[in-house]
Structures are given as C-alpha cells and as structure tokens.
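Remarks on the structure that follows.
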Amino acid sequence: MTAIVRAESLSKRFGRLTAVEDLSFELAAGTITGFLGPNGAGKTTTLRMLLGLAAPTSGRALVFDQLYAQLQQPALRIGAVLEATDFHPGRSGRDHLRTLGLAAGLPDSRADEVLALVELNDAAKRRVKGYSLGMRQRLGLAAALLGDPELLVLDEPANGLDPEGVRWLRDFLRAFASGGRTVLISSHVLAEVAQTVDQVLIINRGRLVVESSLEQLTAQVGGAVRVRTPGVEQLRQALEREQLQTTASNEHVLLVHGTTSEHVGDVALAAGVPVHELVTEGSSLEQVFLELTGGDGSAVSGATPSAAVPPEAKP
C-alpha cells in the first residue's frame with residue numbers, strides 16, 4: 001500500500017542547531033495520527049518540510065509519493081493549518097475564503113459550503129478581527145477544507161476551542177478519516193489526542209522516539225495486567241517463579257507488570273488458580289509521553305520555545 005505521507009531520513013539544521021535528525025515514518029490512508037513531542041522537539045519544522053515551506057538539510061518528505069513542490073494542484077489534495085492568525089482582519093470570513101478559493105480555481109459557492117462544515121454560517125459576514133480564537137481556528141480549518149483534500153495537516157487544531165468545540169472537532173476528524181482520508185495532528189493537548197487518534201508519532205530533540213498504534217503504545221508502555229482471583233497468594237508465588245513482578249491491589253486483585261494477559265492466564269491455569277477477571281490496563285497517553293521523553297513537562301504545560309532561538313529556526 002502506498003503511504004500518503006512518508007518521511008525518509010529527514011534532517012534539518014539551522015546553523016549549529018539540529019531541529020530534526022534522521023526522522024522516518026509513514027502514514028496510511030484513513031488514519032488519524034497524533035504527532036507529539038515537547039516544545040522544541042521539531043514538530044513544526046517537520047510539518048513545514050512536509051508542506052514545502054522549509055527545505056530539508058538531508059532526506060526527503062513525500063506526500064502521495066512526491067515532493068510537495070512536484071504535486072499538481074496541491075491545494076486540492078492537501079489542506080493545512082499551521083497558524084490560526086493568517087487572516088486579513090478587515091475581511092469577512094466569507095471573503096477570506098473566497099479569496100483563497102479564487103487562487104485555487106474554486107467557485108465562490110465553495111466558501112459557503114466549508115463555512116457550513118465548520119459551523120460558522122452565522123459569522124460568515126462578520127469581519128475576522130471580531131472573531132474569537134476558537135472561531136479563527138474553525139475558519140483556518142474551513143480554509144484547509146476548501147479543496148476537499150485527501151490529507152489534512154493540523155498544528156494545534158484544538159487551541160482556543162471550548163469543550164463543545166473540541167468534541168465537535170473530534171467527531172469531524174473521525175468522520176473525515178472514515179472516508180479513507182488521512183489526518184496528521186500536531187498537539188500538546190494529550191488527553192484530547194488520546195480520544196481522537198489511531199496512532200502516534202512521538203519525537204524528542206528532533207529524533208523519533210516511537211511510532212505505534214495508540215492502543216499498543218498505552219498497553220505496552222508502563223501498563224499492567226490486572227487479575228482478580230480468590231487465590232491471590234498462590235498466583236503471586238506462581239508468577240514470581242516466572243520472574244514476573246506483581247503488586248497486590250487488594251486482597252483479591254494482583255497487578256502483574258511486564259507481561260501479557262495471555263501469559264498470566266496460562267500461569268494461572270498451570271497453577272490451578274481460578275481467575276474471575278483478567279484485564280490489560282494501559283497507561284494514559286500522558287504517562288507514556290512523559291516516560292518516553294524523559295519527563296519533560298513543557299509539552300503539557302504549554303511553555304513556549306526559548307526566545308534565544310531565532311523565529312525562523314524555531315523547531
């Protein structure tokens with residue numbers, strides 16, 4: 001199957017600063033991928049290289065098996081929102097979209113169609129300077145949808161949205177991907193990402209830390225198998241003979257670390273211990289993220305990159 005997005009040994013340096021180093025990954029059609037990392041990890045630089053806004057120092061960033069600059073009518077295949085501030089404040093939301101549509105060869109009617117998709121119909125005639133941050137996020141998404149793209153690339157799309165807006169965005173992206181289209185989301189709102197994405201890419205200091213489905217990642221990293229049994233002590237001894245670490249949750253429940261539920265079930269069967277419940281408990285995405293990035297809390301707190309890095313070099 002052809003990858004919709006493919007990074008091949010992608011690197012980017014700004015003088016002595018290495019923003020991205022030897023980064024490789026692939027995105028398949030019909031998936032929503034969370035692109036995660038601490039502030040300064042290289043997420044935005046990677047997205048800019050993917051969209052042809054920055055040239056790699058080495059390696060390639062391909063979309064639909066081509067460099068972005070080689071695509072015919074890229075605006076009709078890829079929609080992107082890297083900032084929700086690229087608007088003329090004196091224009092209405094509708095006029096902003098019509099201007100973009102004109103450049104892409106789209107009819108004016110498409111502006112009203114995407115305004116309806118993002119539920120901004122009532123604000124179509126209002127000047128953008130009067131929009132809230134959440135409304136600007138929706139307008140940015142509307143602009144990305146103008147060409148009815150196969151791929152959406154979104155940088156912090158939930159920023160400024162209220163809880164209802166966040167839920168709307170989650171439902172919208174799931175519906176978008178269910179039609180076989182692809183979404184790449186860069187975000188630091190880990191709890192929201194965990195409810196939206198199918199898979200995650202985590203980078204730290206410009207390098208890939210993990211590429212995995214969300215389910216596998218949260219189950220395997222820092223998770224445990226919870227087993228409820230009337231024979232806790234007997235099962236604990238049997239598991240310890242298998243060199244497995246256990247923790248007693250209460251008098252009828254053991255947490256078994258570093259193994260699978262299948263293995264625990266086999267050990268219990270061999271030991272003749274009845275099992276009333278056997279569940280794999282994964283870590284939260286936030287716990288996994290902090291473990292894999294060395295406990296860097298900047299991505300969770302929303303701290304900004306160091307001002308010592310010039311704007312054009314900020315990863």
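What you see is a predicted model, and the numbers here were worked out from it, not measured in a lab. Computed over heavy atoms, backbone and side chain alike; hydrogens, waters and symmetry mates excluded.
Of the possible polar contacts, none joining the Lys12 side chain to the Thr46 backbone as a donor-acceptor pair under 3.5 Å is found. Of the possible polar contacts, none joining the Thr45 side chain to the Gly42 backbone as a donor-acceptor pair under 3.5 Å is found. Between the Arg94 side chain and the Lys125 main chain, no donor and acceptor come within less than 3.5 Å of each other. Side-chain N or O atoms of Arg136 include one that pairs as donor or acceptor with a backbone N or O of Val128 at under 3.5 Å. Looking at Thr229, its side chain does come within 3.5 Å of a backbone N or O of Gly231 through a donor-acceptor pair. A donor-acceptor pair under 3.5 Å links the side-chain atoms of Gln234 to the main chain of Ala271, judged by distance alone. In terms of modelled atom types and a separation under 3.5 Å, the side chain of Asp198 and the main chain of Ile32 share a donor-acceptor contact. For Ser24 (side chain) and Ser9 (main-chain N/O), a donor-acceptor pair under 3.5 Å exists by modelled atom type. Of the possible polar contacts, one joining the Ser11 side chain to the Asp22 backbone as a donor-acceptor pair under 3.5 Å is found. Under the 3.5 Å distance criterion, the side-chain polar atoms of Ser92 are matched with a main-chain donor or acceptor of Asp95.
No side-chain heavy atom of Val225 sits less than 4.5 Å from a side-chain heavy atom of Thr260. Asp162 has its side chain out of reach of Val166: every pair of non-hydrogen atoms, C-beta onward, lies at least 4.5 Å apart. Side-chain contact check for Gln137 versus Asn159: some heavy-atom pair is nearer than 4.5 Å. Within the 4.5 Å cutoff, side-chain heavy atoms of Leu97 are placed close to those of Val114. Val227 is not listed as a side-chain neighbour of Val253, based on a closest heavy-atom distance of 4.5 Å or more. A heavy-atom distance below 4.5 Å is found between the side chains of Leu169 and Pro157. At a threshold of 4.5 Å between non-hydrogen side-chain atoms, the residues Arg170 and Leu173 do not count as touching. A 4.5 Å side-chain heavy-atom check between Leu214 and Gln199 finds every atom pair outside the cut-off.
With values rounded to the nearest 0.5 angstrom, Lys129 atom NZ is found 14.0 Å from Arg91 atom CZ.
Surrounding CD of Glu277 are more than 12 heavy atoms belonging to other residues, nucleotides or ligands, all under 6.0 Å away. Annotation: Arg205, atom CZ; neighbour count of heavy atoms from other residues, nucleotides and ligands within 6.0 Å does not exceed 12.
The pair Glu164-Arg167 fails the salt-bridge criterion, with no side-chain N (NZ, NE, NH1 or NH2) lying under 4.0 Å from an Asp/Glu carboxylate O. Of the charged side-chain nitrogens involved, at least one lies within less than 4.0 Å of a carboxylate oxygen, so that Glu8 and Arg60 count as a salt-bridged pair.
With hydrophobic clusters built from ILVMFWY side chains whose heavy atoms lie under 4.5 angstrom apart, Leu53 shares a cluster with Ile78. Note on Val183: it does not cluster hydrophobically with Leu62, by side-chain heavy-atom contacts below 4.5 Å among ILVMFWY residues. Side-chain heavy atoms closer than 4.5 Å link hydrophobic residues (I, L, V, M, F, W, Y) into clusters, and following such links, possibly through other members, connects Val210 to Val197. Leu10 and Leu67 fall into different hydrophobic clusters, where Ile, Leu, Val, Met, Phe, Trp and Tyr residues are linked whenever their side-chain heavy atoms come under 4.5 Å apart, directly or through other members.
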Worked check of side-chain contact (heavy atoms from CB on, under 4.5 Å) between Ile203 and Phe35:
CA-CA 8 Å; Ile203 65 172; Phe35 190 33; 3.8 Å; yes
Go through the steps to decide whether Phe25 and Val5 satisfy the test side-chain contact (heavy atoms from CB on, under 4.5 Å), and finish with yes or no.
CA-CA 8 Å; Phe25 62 85; Val5 174; 4.0 Å; yes
As a quick check of understanding, evaluate side-chain contact (heavy atoms from CB on, under 4.5 Å) for Asp65 and Arg6, giving each step before the final call.
CA-CA 7 Å; Asp65 257 350; Arg6 185 165 70 248; 2.9 Å; yes
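In this structure, a donor-acceptor pair under 3.5 Å is absent between the side chains of Thr246 and His257.
Of all heavy-atom pairs between Tyr131 and Met135, the closest is CD1-CE, 3.7 Å. Between Leu152 and Ala144 the shortest heavy-atom distance is CD2-CB, 3.8 Å. Scanning all heavy atoms of the two residues, the minimum distance from Gln70 to Gln66 falls at O-NE2, 3.7 Å.
A cation-pi arrangement, defined by a distance under 6.0 Å to the six-membered ring centre and an angle within 45 degrees of its axis, is present between Arg77 and Phe64. Figure legend: cation-pi geometry between Arg181 and Phe176, with NZ or CZ positioned under 6.0 Å from the six-membered ring centre and within 45° of its axis.
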